[in-house]
Amino acid sequence: MSPTLTRRRTVASAALSAALLAGLTACGSGDDKPAASGTGSAAPSASAAPQANLTVLAASSLTDVFKTAGAAYEKAHPGTKVTFSFAGSQELAAQVKQGAPADALVTADTKTMDGLKSETGDPRIIAKNRLVIAAGKGNPFKIDELKDLADTKLKVVLAAPEVPVGRYSKQILDAQKVEVKPVSQEPNVRAVLGKVEMGEADAGLVYKTDSAKSGDKVVTVEIPDEQNAVASYPAATLKQSKNTAAAAAFVAWLSTPEAQKILQETGFQQP
């Protein structure tokens with residue numbers, strides 16, 4: 001073999017090796033692969049989180065608070081990027097079952113998360129929430145309790161029964177024997193709130209944290225604890241994640257004092 005041909009093959013081999021190494025580094029996998037939550041190994045501490053580009057599927061009611069929490073996490077963990085995809089918990093579950101590329105999941109109920117045991121690591125509750133009545137601006141119909149929603153003159157909107165907030169709504173209405181015929185059933189809590197904010201409905205049942213973000217667009221009517229339901233928010237890593245250690249570190253961070261302070265400042269309750 002001529003020296004020139006040998007030299008060309010050596011250069012080509014070196015270039016290919018460099019390209020493969022760059023590709024592995026860009027993927028963010030590296031030594032991030034081992035420690036998936038729920039496999040029996042301890043999750044890494046948040047402070048030791050490896051760098052990665054994380055995708056987190058999260059319930060719609062977490063939209064505002066998780067944007068703040070994500071920015072805080074990125075600031076404390078330079079080199080890590082957290083991207084959220086928000087939707088109703090039932091939609092998120094469907095995405096997970098279809099193999100959507102994501103690293104962690106946070107739902108607004110334990111039932112949805114329990115249905116994904118084969119797809120997730122061990123979940124942990126990171127927050128709780130309660131329902132309120134969101135009445136239209138100025139509360140012209142003077143709604144002040146659940147039984148008022150049975151008034152047939154009212155246009156009441158609820159979340160669909162397969163959505164966690166819709167399931168909680170049905171639970172508390174049935175318990176108080178309040179019959180409501182909603183003008184629409186929405187795919188998530190933000191859609192319910194939006195109908196009331198825009199005047200397309202007179203009232204709806206939403207989470208307290210969502211209603212609090214509406215300002216004077218709606219009037220929040222509290223529901224007594226004995227008539228209310230408590231929503232629990234479990235978080236878990238996804239077994240399909242390519243960044244399992246980084247995902248486990250983010251899920252662990254959601255229970256830290258820093259993350260809990262952010263959640264509670266926006267109205268979420270301690271787990």
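All values derive from a computational prediction rather than experimental measurement.
- Considering CG of D202 and NZ of K137, their distance stands at 15.0 Å, rounded to 0.5 Å.
- By the 4.5 Å heavy-atom criterion applied to side chains, E145 and Q227 are not counted as neighbours.
- Annotation: Q264, atom CD; neighbour count of heavy atoms from other residues, nucleotides and ligands within 6.0 Å is above 12.
- Looking at D64 and T266, their side chains never come closer than 4.5 Å, going by heavy atoms from C-beta outward.
- A distance of 8.5 Å separates CD of E200 from OG of S184, quoted to the nearest 0.5 Å.
- Put simply, the side chain of N129 never gets that close to the backbone of F268: no donor and acceptor are under 3.5 Å apart.
- For the residue pair T112 and S89, no side-chain donor N or O sits within less than 3.5 Å of a side-chain acceptor on the partner.
- For the pair I143/V219, no side-chain contact is recorded, criterion being any heavy-atom separation below 4.5 Å from C-beta on.
- In this structure, the side chains of S255 and I126 come closer than 4.5 Å at one or more pairs of heavy atoms.
- The shortest distance between side-chain heavy atoms of L158 and L173 falls below 4.5 Å.
- Using cut-offs of 30° and 60° on the angle between ring planes, the pair F66 and F84 is tilted.
- When side chains are defined from C-beta on, R130 does not count as touching I223, because their heavy atoms never get closer than 4.5 Å.
- Between K142 and D151 there is no salt bridge, since no side-chain nitrogen of the basic residue lies less than 4.0 Å from a carboxylate oxygen of the acidic one.
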